[in-house]
Amino acid sequence: MTFGENLKAIRRMKLTQQEMADKMDISQSYLSDMENSRKCPNVNTALLTAKRLEISVNELVNDDIDVTEYNN
């Protein structure tokens, strides 16, 4: 899975797109672009995203992520 696919899958377990965008202080459309691989986040955005989701950056970029573990 790509960064965007992982981001979307993990975010959907916890937050709406608008809630996540608000927490990150970015627009919902920018978050949508990241989730759909139209925008590539910089390192700071990736770090902030992981922090807001309370996960490691590795989990966002790992091809083998198991998103079912986030379904608490």
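Every heavy atom of this structure was used, including side-chain atoms; hydrogens, water molecules and symmetry mates were not. For clarity, every value in this text was computed on a predicted model and none was experimentally measured.
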Straight-line distance of [X] [atom1] to [Y] [atom2], nearest 0.5 Å:
X	Y	atom1	atom2	result
Ile26	Leu31	CD1	CG	5.0 Å
Leu60	Thr49	CG	OG1	6.5 Å
Phe3	Glu35	CZ	CD	9.5 Å

Quiz item: Taking the side chain as C-beta and beyond, is there a heavy-atom pair between Leu53 and Leu7 under 4.5 Å?
Solution: yes
Self-check item: Heavy-atom side-chain proximity of Asn6 to Val61 below 4.5 angstrom
Solution: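 With C-beta onward as the side chain, the pair stays apart.
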[X]: which residues meet the side-chain hydrogen bond (donor to acceptor under 3.5 Å, both in side chains) condition with it, sequence neighbours left out?
X	value
Asn42	Thr45
Gln18	Asp22
Asp33	Arg38

Exercise. Give a yes-or-no answer on whether the side chains of Glu59 and Ser56 include a donor-acceptor pair shorter than 3.5 Å.
Key: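 Judged by distance alone, the side chains do pair up.
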Quiz item: For the side-chain contact (heavy atoms from CB on, under 4.5 Å) test, which of Glu19, Lys14, Arg12 pairs with Thr16?
Solution: Glu19
Quiz item: So, does Arg52 use its side chain to make a donor-acceptor pair with the main chain of Lys23 at under 3.5 Å?
Solution: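 Checked: pair present.
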Practice problem: Can you sort out the partners of Ser29 under side-chain contact (heavy atoms from CB on, under 4.5 Å), two or more places apart, ordered by chain and number? | Solution: Ser27
